[in-house]
Amino acid sequence: MVRSTFRRYLKRNRFPYRRYQDKNKCIFIHIPKTAGTSLLQSLGKKRAGGRDHVSWLVYRKSDAQKFKRYFKFAFVREPLDRTYSAYKYLLRGGNQGNDGAVAERIRQYPNFEAFVVEGLGKGHFRSHVMFRPQADFVVNGNDEIVVDFIGRFENIEEDFNYVKSKLGLKSDLAQANRSTDSNNEYLESLKQNKQVMSVITSLYAQDYLHFDYPLPTIED
């Protein structure tokens, strides 16, 4: 009874399908902190709110025929870089709504390293959508990627052009909320931190495996 009612609700409200997806015959699976806001604007999404960080399974259960027909894609990001970006985002207050309490908890850690080792490493925050493995969004129970294309944050211009050609879009990639800050030197130094990388590579093992990001080599 409850399940059938929920299915009728989803169908009536079109969730998680949005107008821009039906117009472009696409499913963009928005993994947090992968330049999704820029991608959404380029796809024709009008409102800034209502970003749906949901997995492939939600789309398929909502409408299996659309899921089969539409061009399905997502963008991913190097796991350590994405984790740091999510940490900084939440530290600043996140969406200024439900993330306020999370921000307060994160501020209890003196720095990012402590957050990873003492926070994520001990099981905290792992259910927060910002820190869920990217594979959760696009990989099924048989360990198979179930979308048609995986783009990379690190190669976003070129990979978006591929999406653009597949969908027949005319707009270029928008620049919304794209940080110009470079943390490369800091993140490269963290790759030699055994405690930090032990947590990151364990928590995001599937991301490294499925998206071909190289595992850091830690020097003795």
Side-chain angles (χ1 to χ4, degrees), residues 29-39 51 53-57 73-95 98-99 101-141 143-147 150-156 159 177-220:
I29 296 178
H30 185 181
I31 299 172
K33 308 313 295 176
T34 59
T37 301
S38 294
L39 292 161
R51 298 167 191 152
H53 299 304
V54 298
S55 76
W56 68 274
L57 189 57
F73 70 99
F75 274 72
V76 297
R77 187 172 184 173
E78 196 280 326
L80 176 63
D81 185 23
R82 175 176 173 262
T83 305
Y84 183 67
S85 178
Y87 164 82
K88 295 289 286 186
Y89 171 76
L90 290 171
L91 201 61
R92 294 191 297 266
N95 63 11
N98 297 331
D99 288 332
V102 178
E104 287 301 316
R105 290 180 59 204
I106 288 178
R107 292 188 186 108
Q108 295 175 13
Y109 298 91
N111 51 42
F112 177 64
E113 295 98 306
F115 168 75
V116 171
V117 176
E118 300 298 323
L120 293 175
K122 294 187 177 179
H124 304 297
F125 306 102
R126 292 191 183 192
S127 62
H128 195 289
V129 68
M130 291 290 167
F131 300 111
R132 283 179 58 193
Q134 298 168 90
D136 284 1
F137 293 87
V138 294
V139 175
N140 67 15
D143 217 29
E144 301 165 332
I145 293 176
V146 294
V147 296
I150 296 286
R152 285 178 178 244
F153 175 89
E154 298 81 8
N155 197 38
I156 191 168
D159 287 349
N177 293 349
R178 293 175 64 187
S179 173
T180 57
D181 295 337
S182 175
N183 300 297
N184 291 344
E185 187 174 338
Y186 172 63
L187 293 176
E188 285 301 315
S189 70
L190 280 185
K191 290 179 181 178
Q192 296 302 312
N193 185 315
K194 291 183 179 180
Q195 285 185 302
V196 168
M197 293 314 301
S198 176
V199 173
I200 295 295
T201 56
S202 175
L203 182 57
Y204 301 117
Q206 277 191 301
D207 292 353
Y208 282 103
L209 173 67
H210 284 293
F211 310 131
D212 295 324
Y213 285 109
L215 286 166
T217 301
I218 300 177
E219 299 176 1
D220 293 327

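Note that the coordinates shown come from a computational prediction; the quantities given were computed from them, not determined experimentally. Starting from 1, each residue takes its place in the sequence as its number.
Because its NZ or CZ atom is both nearer than 6.0 Å to the ring centre of Phe137 and within 45° of the ring axis, Arg132 counts as a cation-pi partner of that residue. With a 6.0 Å cutoff to the six-membered ring centre and a 45° limit on the axis angle, Arg152 does not count as a cation-pi contact of Phe75.
The ring-ring contact (aromatic ring centres under 6.0 Å, His included) check on Tyr84 picks up Phe112, Tyr186, with sequence neighbours excluded. Residues passing the salt bridge (Lys or Arg N to Asp or Glu O under 4.0 Å) test with Glu154, sequence neighbours excluded: none. In terms of the side-chain contact (heavy atoms from CB on, under 4.5 Å) criterion, residue partners of Glu144 (sequence neighbours excluded) are, by chain and number, Asn140, Asn142. With sequence neighbours excluded, no residue forms a side-chain contact (heavy atoms from CB on, under 4.5 Å) with Ala205. Under the side-chain contact (heavy atoms from CB on, under 4.5 Å) criterion, Leu215 pairs with Thr201, Tyr208, sequence neighbours left out. Among residues two or more places apart in sequence or in another chain, the salt bridge (Lys or Arg N to Asp or Glu O under 4.0 Å) test is passed with Lys88 by none. For Phe73, the ring-ring contact (aromatic ring centres under 6.0 Å, His included) criterion is met by Phe28, Phe71, not counting sequence neighbours. Evaluation of the side-chain contact (heavy atoms from CB on, under 4.5 Å) rule for Leu90 yields Asp99, Val102, Ile106, His128, Met130, Phe131 as partners, not counting sequence neighbours. With sequence neighbours left out, Arg107 forms a salt bridge (Lys or Arg N to Asp or Glu O under 4.0 Å) with Glu104. Looking at residues two or more places apart in sequence or on another chain, you find a salt bridge (Lys or Arg N to Asp or Glu O under 4.0 Å) between Arg77 and Asp81.
The heavy-atom pair separating Ala135 from Phe211 by the smallest distance is N-CE1, 3.9 Å. Between Ala35 and Ile156 the shortest heavy-atom distance is CB-CD1, 3.4 Å. Between Ala103 and Gly93 the shortest heavy-atom distance is CB-CA, 4.1 Å.
Residues Thr34 and Gln134 form a side-chain contact, since some pair of their non-hydrogen atoms from C-beta on lies under 4.5 Å apart. Between Ile31 and His53 the shortest side-chain heavy-atom distance does not fall below 4.5 Å. Within the 4.5 Å cutoff, the side chain of Tyr204 has no heavy atoms near those of the Tyr213 side chain.
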Let me check something: any side-chain donor-acceptor pairs from residues 116-124 under 3.5 Å, sequence neighbours excluded? List them with distances.
{"from": "Glu118", "atom 1": "OE1", "to": "Lys122", "atom 2": "NZ", "distance (Å)": "2.7"}

Report task. Decide side-chain contact (heavy atoms from CB on, under 4.5 Å) for His210 and Ile150; before the verdict, give the C-alpha distance in whole Å, the side-chain angles of both, and the deciding distance to 0.1 Å. Result -> CA-CA 10 Å; His210 284 293; Ile150 296 286; over 6 Å; no
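In this structure, Phe115 and Tyr109 have perpendicular ring planes: the angle between them is above 60°, well past the 30° mark.
To the nearest 0.5 Å, atoms CG (Asn111) and CD (Glu113) are separated by 4.5 Å. To the nearest 0.5 Å, atom CG of residue Leu203 and atom CZ of residue Arg126 are 4.5 Å apart. The line from CG of Leu80 to OG of Ser85 is 11.0 Å long, rounded to the nearest 0.5 Å. A distance of 11.5 Å separates CG in Asp136 from CG in Leu57, rounded to the nearest 0.5 Å.
With hydrogens and angles ignored, the 3.5 Å screen pairs no side-chain donor or acceptor of Arg82 with any backbone N or O of Pro133.
The stretch residues 198-212 participates, sequence neighbours left out, in no salt bridge (charged side-chain N to carboxylate O under 4.0 Å, His left out) pair at all.
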